[in-house]
Amino acid sequence: MAIFGGVIAPAGSSQARNINGTANLAGRTLNAWRQVSIDTVADLPYDGTLIDNSPITPAVPRAVTGQRACSFFDDFYNRIYLFPSPMRLGSVASDREEPLEIWSAFLDQQSLNAVSADLDNTVHLVYPDLPVLFAGLEIKVFTLDVSGEGLPEIDTSYSFTFQDGLSLDWTVTGTRVAIWTFAHNWQTGLRERLAWLTNVISSQTGVEQRRALRVGARRYFEVSGLLEGRDRRLFDMAVFDWGSRLWSLPMYHDVQWIGPLQAEALEIPCETENRELVVDGLVLLQGENARHHEVVTVREIHPDRIVARQPLEYDWPAGTKLYPMKTAQLVEPPEARRGHDDLAAFNAEFYLVEPYQDDRTITLPTYRGWPVLERQPQESGDLTSSFHRLRQFLDNQVGKPLSIDTAERAFPVMQQLWWMYGLQERSDFRGLMNLLNGRQKALWVPTWSADMIIVSSVNIGLDTVDIQHMNYSRHGLLQMGRRDIRVALKDGQVFYARVVGAAEVDADTERLQFESGLPAAFDPEDVYLVSWMVLSRCEQDEFEISHMADVEGAASSSLMFRGVRDEL
């Protein structure tokens with residue numbers, strides 16, 4: 001055993017105790033560091049004799065049993081990966097090339113010895129000559145060529161055989177669609193229909209349970225066109241052959257004029273906000289006629305451009321039309337009306353196969369936990385209103401008929417006409433439809449009528465107001481649909497209040513009491529409009545939008561609202 005000289009470090013002048021030390025060290029009790037003076041340390045030897053104890057007798061070996069613990073290494077390595085697997089092509093409208101990445105996650109070299117033959121002659125996998133050697137952790141990229149011509153459904157598979165008998169199967173699926181390239185006739189506009197499905201269960205007292213039965217709305221488009229010459233013959237043959245199969249339909253209302261673009265370009269400058277562009281979706285570039293077009297797949301979407309998966313094949317001049325496309329199917333075979341031997345007009349209705357998944361929203365103020373529809377409807381037409389009652393008629397055709405109002409209350413029904421100008425107003429309207437979700441969701445809807453005339457001045461915090469006599473204290477007091485008001489002042493202020501009491505002052509005046517004080521001071525001449533507000537849901541599950549022009553132009557829609565019980 002070797003002997004080394006050393007010194008004991010002094011504890012310092014205060015001789016502090018080791019408060020962090022252990023009280024027991026191998027059975028020996030050490031209460032404190034031993035106090036050593038400087039003089040004692042100075043007398044200690046600084047060197048010693050080195051004793052050679054070699055050779056050291058080796059330890060006797062012994063066998064220990066155990067097993068290797070698993071780790072994340074075993075989950076990810078020593079195997080082969082295919083990306084993507086399976087490959088879902090989606091809608092195939094033209095020839096495409098898709099990459100297949102093969103990653104050998106082995107640490108040593110691997111060999112790809114065999115690849116099964118193409119089962120579909122319209123789908124071809126391109127790879128190097130076999131065998132293909134993969135170094136440790138190497139990735140190689142093969143190319144899958146897919147033709148736009150062929151059977152409607154693409155469903156094929158490949159088998160990859162590596163060394164040591166390792167075999168992997170890889171499937172490819174997709175759907176071929178025909179391109180609907182025939183121009184829409186905007187003379188009659190473009191009709192779009194969104195159809196939700198809501199199960200409404202109503203009790204005799206008007207309490208409702210409303211359940212949405214569809215994940216999203218079904219979407220329909222009615223298009224029309226006027227075809228002459230070669231375009232008419234193209235239409236005739238396309239519908240004859242592909243009538244019952246899938247089409248890729250341009251969103252005519254979402255058109256943009258772009259260009260110029262050069263062949264081999266990947267980026268297409270365009271607007272993308274509030275547009276119907278989606279990653280892996282199709283877009284159509286169209287020229288002057290149905291024959292001059294190109295379809296590309298969107299790989300990336302940026303605020304000012306889209307990036308295509310494949311380079312453009314052709315040059316495109318300024319004024320080229322860009323349409324987002326959706327997979328659709330004809331509801332019925334289109335009907336063509338012949339003008340003469342080489343001229344025909346047609347109407348066609350399409351059902352979009354892709355689910356309607358629009359995440360646009362609308363920002364609305366809230367009142368008593370429900371949003372308030374603050375947009376005033378268009379008053380250009382005669383808007384209807386009525387009151388729905390849950391009445392049961394008992395009539396045996398002999399005696400006096402009996403009528404019973406089971407809910408003993410009226411449910412106001414109001415029509416609203418919406419006009420939309422520009423992209424933002426259309427986006428807000430789609431946000432409203434998403435909020436309503438057919439007949440499922442409710443919100444406060446003002447009547448937008450002059451339902452009340454205020455005749456007294458109001459101070460801040462005052463909870464009473466005098467109004468022109470209208471028999472409210474007799475007929476409307478505290479009834480659902482006639483107790484919440486919207487007050488709009490001429491300076492733009494808007495506030496809501498609930499009526500909790502009413503009394504007749506004289507033959508010309510009634511006094512209302514509100515649940516809380518009003519937040520503003522105003523005189524009667526400062527009031528622009530006082531309307532009732534009714535908690536309502538849509539009366540229909542289907543919404544129709546009439547596009548008079550593209551998204552930069554005008555569109556209209558009509559909504560029918562029905563009151564629901566607001567005290568639940």
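Residues take their numbers from the sequence shown, with the count starting at 1.
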Charged N-O contact under 4.0 Å between E228 and R230: no

Please work out which of the three classes, parallel, tilted or perpendicular, describes the rings of W180 and F235, given edges at 30° and 60°. perpendicular

Would you say T171 and S157 are linked by a side-chain donor-acceptor pair, where the criterion is simply a distance under 3.5 Å? no

N-O pairing of D342 and R233 below 4.0 Å: yes

Kindly indicate, with the supporting measurements, whether the criterion side-chain contact (heavy atoms from CB on, under 4.5 Å) is fulfilled by L432 and W418. CA-CA 11 Å; L432 175 63; W418 280 56; 3.4 Å; yes

Assess R193 against Y220: is NZ or CZ under 6.0 Å from the centre of the six-membered ring, and within 45 degrees of the ring's axis? yes

Do Q440 and T198 meet the criterion of a side-chain donor-acceptor pair at a distance under 3.5 Å? no

Under 6.0 Å between ring centres, would you say that holds for F134 and W103? no

Q163 atom CD, neighbour heavy-atom count above 12 within 6.0 Å: yes

Can you find a heavy atom in the side chain of T297 that is under 4.5 Å from one in the side chain of R96? yes

Polar contact flag, side-chain donor to acceptor under 3.5 angstrom, H547-R426: yes

Regarding W316 and E294, do their side chains bring together a donor and an acceptor under 3.5 Å, going by distance alone? yes

Test: D254 and K326 ion pair at under 4.0 Å: no

List the atom of A328, the atom of L249, and the distance in Å for their closest heavy-atom pair. CB-CB, 4.0 Å

Distance only, no hydrogens: is a donor on one side chain within 3.5 Å (strictly under) of an acceptor on the other, for T122 and R176? yes

Taking side chain as C-beta onward, heavy atoms only, is F160 less than 4.5 Å from L125? yes

Where do V141 and P99 come nearest, in terms of heavy atoms and distance? CG1-CB, 4.0 Å

Taking 4.0 angstrom as the limit, do R219 and E276 come out as a salt bridge? yes

If you measure from OG on S104 to CZ on F162, what distance do you get to the nearest 0.5 Å? 7.0 Å

What is the ring orientation for H184 with W186, classed by angle as parallel under 30°, tilted 30 to 60°, or perpendicular over 60°? perpendicular

Would you indicate whether the side-chain heavy atoms of P260 and P317 approach each other to under 4.5 Å? no

If you look at every heavy atom in I258 and L261, which pair is closest and at what distance? CD1-CD1, 3.8 Å

Are more than 12 heavy atoms, taken from residues, nucleotides or ligands other than E354, located less than 6.0 Å from that residue's CD atom? yes

One pair to check against side-chain contact (heavy atoms from CB on, under 4.5 Å): I268 and V296. What are the steps and the verdict? CA-CA 10 Å; I268 302 176; V296 297; 4.2 Å; yes

Under the criterion side-chain contact (heavy atoms from CB on, under 4.5 Å), I'd like the reasoning laid out for V372 against T366: C-alpha separation, chi angles, the key distance, then a yes or no. CA-CA 6 Å; V372 182; T366 58; 5.8 Å; no

Which value, rounded to the nearest 0.5 Å, describes the distance between L443 atom CG and L364 atom CG? 7.0 Å

Looking at R218 and L197, would you say the former's side chain and the latter's main chain have a donor-acceptor pair under 3.5 Å? no

Name the residue from L119, L89, L100 that meets the side chain to side chain contact (heavy atoms under 4.5 Å, CB included) definition with V172. L89

Is a donor on one side and an acceptor on the other found under 3.5 Å between the side chain of Q329 and the backbone of S244? yes

Please determine whether the number of non-hydrogen atoms from other residues, nucleotides or ligands lying under 6.0 Å from atom OH of Y81 exceeds 12. yes

Does the ring centre of Y77 sit less than 6.0 Å away from the ring centre of F106? no

Are D428 and R375 ion-paired here, with the side-chain N under 4.0 Å from a carboxylate O? no

Report yes if some heavy atom in the side chain of Y252 is under 4.5 Å from a heavy atom in the side chain of V223; otherwise report no. yes

Could you tell me whether F72 atom CZ has more than 12 heavy atoms of other residues or ligands within 6.0 Å of it? no

Do Q310 side-chain atoms and E97 backbone N/O form a donor-acceptor pair below 3.5 Å? yes

Can you tell me how far CD of E349 sits from CG of L330, rounded to the nearest 0.5 angstrom? 9.5 Å

Should R337 and E335 be marked as a salt bridge (Lys or Arg N to Asp or Glu O under 4.0 Å) after you check the CA-CA gap, both sets of side-chain angles, and the distance that decides it? CA-CA 7 Å; R337 300 178 303 279; E335 180 182 23; 5.2 Å; no

Distance-only, no hydrogens or angles: does the S111 side chain make a donor-acceptor pair with backbone N or O of L133 under 3.5 Å? no

Are more than 12 heavy atoms from other residues, nucleotides or ligands located less than 6.0 Å from atom CZ of R299? yes

Report the C-alpha distance between M325 and I179 in whole Å, list the side-chain angles of each, state the deciding distance to 0.1 Å, and finish with yes or no for side-chain contact (heavy atoms from CB on, under 4.5 Å). CA-CA 9 Å; M325 306 190 78; I179 309 301; 3.7 Å; yes

State, yes or no, whether a side-chain contact exists between L82 and L168 at a heavy-atom distance under 4.5 Å. yes

Distance-only side-chain donor-acceptor flag, D120 / T156, under 3.5 Å: no

Would Q357 and D359 count as having a side-chain donor-acceptor pair, cut-off 3.5 Å? no

Beyond-backbone contact of V92 with T175, side-chain heavy atoms, under 4.5 angstrom: no

Pairwise distance CH2(W247) to CG(L352) - rounded to 0.5 angstrom: 15.0 Å

Is the OH atom of Y314 crowded by more than 12 outside heavy atoms at less than 6.0 Å? no

Between S224 (side chain) and F346 (backbone), is there a donor-acceptor pair under 3.5 Å? no

Check step by step if salt bridge (Lys or Arg N to Asp or Glu O under 4.0 Å) holds for R430 and E425. CA-CA 9 Å; R430 292 189 185 275; E425 290 190 4; over 6 Å; no

Distance (rounded to the nearest 0.5 Å) between Q540 CD and F561 CZ: 8.0 Å

With a 4.0 Å cut-off on N to O distance, would you call E271 and R305 a salt bridge? no

Check whether any side-chain N or O of S116 sits under 3.5 Å from a backbone N or O of S159 as a donor-acceptor pair, and report yes or no. yes

H292 and Q286: side-chain donor and acceptor closer than 3.5 Å? no

Just by distance, do the side chain of N437 and the backbone of N434 share a donor-acceptor pair under 3.5 Å? no

E273 bridged to R275 by N-O distance under 4.0 Å: no

For H124 and D118, does a side-chain donor sit closer than 3.5 Å to a side-chain acceptor? yes

Hey, does the side chain of D541 reach the backbone of R439 with a donor-acceptor pair shorter than 3.5 angstrom? yes

How far does OG of S85 sit from CG of D169, to the nearest 0.5 angstrom? 9.0 Å

So, R309 side chain and D280 main chain: donor-acceptor pair closer than 3.5 Å or not? no

Any side-chain heavy atom of M548 within less than 4.5 Å of one from S556? yes

